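What's counted below: heavy atoms across the whole structure, side chains too, no hydrogens, waters or symmetry copies. Here the structure is a predicted model, which means the values were calculated and not measured.
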Amino acid sequence: MNILVLSLTKKLRKPDKTEYLDKFEALKSDSRSVEVKEIFDNAVLLEHELKKAAKAKPDLIIVSGRLKNENAFRQRFAFIIRNAERKIQSVPKAKKKGFRKKGEEIKTVSYSRKKTHVFTLETDAKPAYTFNLGGIPLLSVDKKLSGKELSRLIDRVGTVFEENSEAYPDGYSEIQKSKRVLTFFERHFPIRSDSHNEKIRKSAMLAALCVFVVAAYIFVNNMFIIPMHNSAIISDIQTIFYEGTDSKSGSDKNKIAERNWNKLEKINKEIVGWVKINNTKIDYPILWHKEDTADSQYYLWRNYNQEYYQGGTTSIFMDWRSKKGMNSRNVILHGHHMEDGSMFTDLLKYGSTSGNLEFYKKSPVVYISTKKGGTVPYKIISVFKSNVDSSLGEYFDFYCGSFKNDAQYLNYIYNLRIRSLINCPVSVNEKDQLLSLVTCSYEFGDGSNFRTCIVARKCRKGESAEVDTGSASLNKNAVWPQCYYSRYGGTRPTVSTFRTEYKKGKLSWYDGNYSGKGSEQLPTSYTIPTEPPTETTKATTKPKTSSSTSSKVKKKTTCKVSIFTRDYNKAVKTKTVKINSSFKLPKVKTYTKNGYRFVFKNWVARYGSKSTKLSSSVTKVVVETDTRLYAKYKRIKLKKATPTSPTSATKPTKPTKATEPEKPEEPEEPDVTEPAA
């Protein structure tokens, strides 16, 4: 008899310490050969060893471990016994093809299934258990059993199976079962004849499947479909822009460039330039929608073909504050931070929480191409991070496209330089034009309230495009938003002004002729009025007389209220009212356009950059400052009319003049103050 002993333990012994095997020596005899293995007391490892033992086909398997009671035995072997039963028998197929006819009954298939019977062997100490494991007897005993008691149990194993052969052939009992013959739909969807637990199981499986499908679609869409779609669109426009630029003749290049610009204008007249940075994916057309406002950025969710695409767009578009387009004093360009690395994602290569000096040295120049000006290099002067939400602390408003005077402009440049993560060796003065590239950044928050900004100045006439990157260095004392110091510690440097630092002679990057005239106060589009603006005049005094006069203060007593309904760029009504007076809101009618019904939902009041949503039941508002009121609508798609049958058709009407088909209504724009990547 070949016997395999699996000794279960919580701690393995070293191979040279074999005194624990003494009790198994008593099992050896002329008719017995014993092999002992010590393994961890783990159900998974035990099942693995039993599978290996089944291939060797020993006459008996002994499992020796801690066995306090029957519950401990069942916890250890319940899973192993169930898997062994599945291997020695199969369940008959009970599937019906197609669909069940109306009134057809559900048939059942009866079958018998073997159930392993466990025999209990009484001992002087603790009970032992034996059962048939796939044709091999298995004996489970407590590890404290002596060698003599274990030898006696081995002889009883065969006797127990023989004595119970009629009731339990080979150690198994038979259980009669039945199975319904169901269609595919009936097997996976709850039906009336299902039990309560079966309905719950099917419903849970369907819910899990739906969640998986939606998650899989979002993953595939974001990781593959959107990048492929964007890549194809960008590849098309790049092919047109660079068509034939390998020509060696400079005059030919100008002709080809002019021809290519004509092609770009045919695609979209709002393509006003092209931006490119070497060693990055940034190589895209620049779009400028002149009607953009703080409340509406046309290309925020559209590509250069003017196609609306919520998943992300292939558009680099100009900020509405750069009112003169490519001739603005500061040309501000926005681009999304795409997951596939396209658009302005590569701007983050210039630095995260510290500057990337190596990458800056590879790409210190931004190239801008226009139809009239050709290709012009812009040298980077600042790489900085900024919040655009007061929840992260007081912030520097870098969205400035125009300036009142040179003093204001130079102070703006000073603020850019002190925030830069890299000390860029490029001089600047009041005659230079700036270029700002902006994208969402994720160092603090979800990207909706934080930005990465790269600012460059236009290469001067006759100036080389080369930058002495060897003298560039990291700015270890860059000015960050307060959220940076709250997380990483440190003290925020004191922010001065250009005029103050210029007098101290600390501005080595400035090479102009500073006049010192004008106010340095920076323009900001984020100033929220806390109270109505007032205008005061100095009180005038007169020589004392019998009746003294008190000083008078003139205050602003009126404000403007503008109403916007269907067109958010044009007010339908503007009225001057008294401050703190009640203003009655007009009634807004429901209208239909391009197959949609637009139903009034509520009003939104905006003053400065702050907006407040009003309840739909509000009919009057109290105004304290200049206010804009926008009507918000709910869009409902109308059902198409069903065609009439030929028999009921009426007489054809006279043909009317052909009119151009209306363009389908664009989806509502996201109501945002600044572009979000």
Side-chain angles (χ1 to χ4, degrees), residues 188 205-243 263-264 266-268 270-271 274-277 279-289 292 296-318 333-349 352 437-443 445-452 594-596 635-637 640 663-672 674-677:
H188 297 92
M205 291 296 294
L206 289 173
L209 179 63
C210 291
V211 172
F212 173 78
V213 170
V214 172
Y217 170 76
I218 294 173
F219 175 80
V220 173
N221 188 55
N222 291 340
M223 299 302 296
F224 299 101
I225 298 177
I226 292 176
M228 289 174 62
H229 177 80
N230 291 345
S231 178
I233 292 175
I234 285 300
S235 179
D236 291 342
I237 199 74
Q238 288 175 343
T239 301
I240 295 172
F241 183 73
Y242 289 110
E243 182 181 5
K263 285 186 178 181
L264 294 180
K266 288 181 180 180
I267 296 172
N268 190 341
E270 294 184 329
I271 297 178
W274 196 277
V275 58
K276 177 178 174 61
I277 301 180
N279 303 310
T280 70
K281 291 184 179 180
I282 299 174
D283 191 7
Y284 307 115
I286 300 170
L287 294 123
W288 179 33
H289 189 69
D292 278 351
S296 174
Q297 300 273 355
Y298 186 78
Y299 288 101
L300 180 62
W301 301 112
R302 289 180 176 86
N303 57 30
Y304 63 82
N305 287 325
Q306 299 184 349
E307 297 170 340
Y308 185 88
Y309 200 50
Q310 182 68 35
T313 58
T314 53
S315 291
I316 303 300
F317 60 95
M318 198 177 305
L333 302 181
H334 294 285
H336 283 286
H337 183 153
M338 303 294 285
E339 292 183 1
D340 62 347
S342 62
M343 296 299 99
F344 274 176
T345 305
D346 281 346
L347 293 183
L348 272 72
K349 290 184 177 180
S352 181
L437 311 181
V438 185
T439 191
C440 289
S441 203
Y442 295 87
E443 288 83 4
D446 58 358
S448 63
N449 52 10
F450 211 73
R451 299 287 184 270
T452 290
N594 299 334
Y596 290 91
R635 192 177 66 173
I636 303 173
K637 189 172 183 180
K640 294 182 179 179
K663 293 182 180 180
E665 184 70 10
E666 297 289 351
E668 294 184 23
E669 297 288 349
D671 186 17
V672 295
E674 297 302 333

Participant: Going by side-chain hydrogen bond (donor to acceptor under 3.5 Å, both in side chains), name the residues that satisfy it together with S231, two or more places apart in sequence or in a different chain.
Facilitator: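 Partners of S231 by the side-chain hydrogen bond (donor to acceptor under 3.5 Å, both in side chains) criterion come out as none, since no residue qualifies.
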Participant: Which heavy atom of R451 sits nearest a heavy atom of C440, and at what distance?
Facilitator: NH1-SG, 3.6 Å
Participant: Tell me every residue that passes salt bridge (Lys or Arg N to Asp or Glu O under 4.0 Å) with E270, counting only those two or more places apart in sequence or in another chain.
Facilitator: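 Salt bridge (Lys or Arg N to Asp or Glu O under 4.0 Å) check on E270 returns nothing, list empty.
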Participant: State whether the side chain of Y299 and the backbone N or O of H334 hold a donor-acceptor pair below 3.5 Å, judged by distance alone.
Facilitator: no
Participant: Write down the atom of Q238, the atom of D283, and the distance for their closest heavy-atom approach.
Facilitator: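 So the minimum-distance heavy-atom pair works out to NE2-O, 2.8 Å.
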Participant: Supply the atom-to-atom distance I237 CD1 to I267 CD1, rounded to the nearest 0.5 angstrom.
Facilitator: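 These two atoms lie 4.0 Å from each other.
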Participant: Any chance you could measure F212, atom CZ, to F219, atom CZ, to the nearest 0.5 Å?
Facilitator: 10.5 Å
Participant: Closest approach of L300 and H336, non-hydrogen atoms and distance?
Facilitator: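 Nearest pair, atom of L300 first, then H336: O-NE2, 2.7 Å.
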Participant: Hey, does the side chain of S315 reach the backbone of F317 with a donor-acceptor pair shorter than 3.5 angstrom?
Facilitator: no
Participant: Which of parallel (below 30°), tilted (30 to 60°) and perpendicular (above 60°) describes Y242 and W274?
Facilitator: perpendicular
Participant: Taking the side chain as C-beta and beyond, is there a heavy-atom pair between L264 and Y304 under 4.5 Å?
Facilitator: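 Counting from C-beta outward, L264 and Y304 never come under 4.5 Å.
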Participant: Given 3.5 Å as the limit, does a donor-acceptor pair link the side chain of T439 with the main chain of G335, or not?
Facilitator: yes
Participant: Mind checking the CG-CH2 spacing from L333 to W288? Nearest 0.5 Å is all I need.
Facilitator: 12.0 Å
Participant: Given 3.5 Å as the limit, does a donor-acceptor pair link the side chain of N221 with the main chain of I225, or not?
Facilitator: no
Participant: How long is the straight-line distance from CD of E307 back to CH2 of W301, given to the nearest 0.5 Å?
Facilitator: 16.0 Å
Participant: Are S352 and E443 close enough that some pair of their side-chain heavy atoms sits under 4.5 Å apart?
Facilitator: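 Yes; the side chains approach each other to less than 4.5 Å.
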Participant: For residues 341-348, dump all side-chain donor-acceptor pairs below 3.5 Å to protein atoms at least two apart in sequence or in another chain.
Facilitator:
unit_1: S342; atom_1: OG; unit_2: D340; atom_2: OD1; d: 2.8
unit_1: S342; atom_1: OG; unit_2: D340; atom_2: OD2; d: 3.4
unit_1: T345; atom_1: OG1; unit_2: M338; atom_2: N; d: 2.9
unit_1: T345; atom_1: OG1; unit_2: M338; atom_2: O; d: 3.0
unit_1: T345; atom_1: OG1; unit_2: S342; atom_2: O; d: 2.8
unit_1: D346; atom_1: OD2; unit_2: K281; atom_2: N; d: 2.7

Participant: Identify the two heavy atoms, one from N303 and one from H229, that lie closest to each other, and give their separation to 0.1 Å.
Facilitator: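 Looks like ND2-NE2, 4.5 Å.
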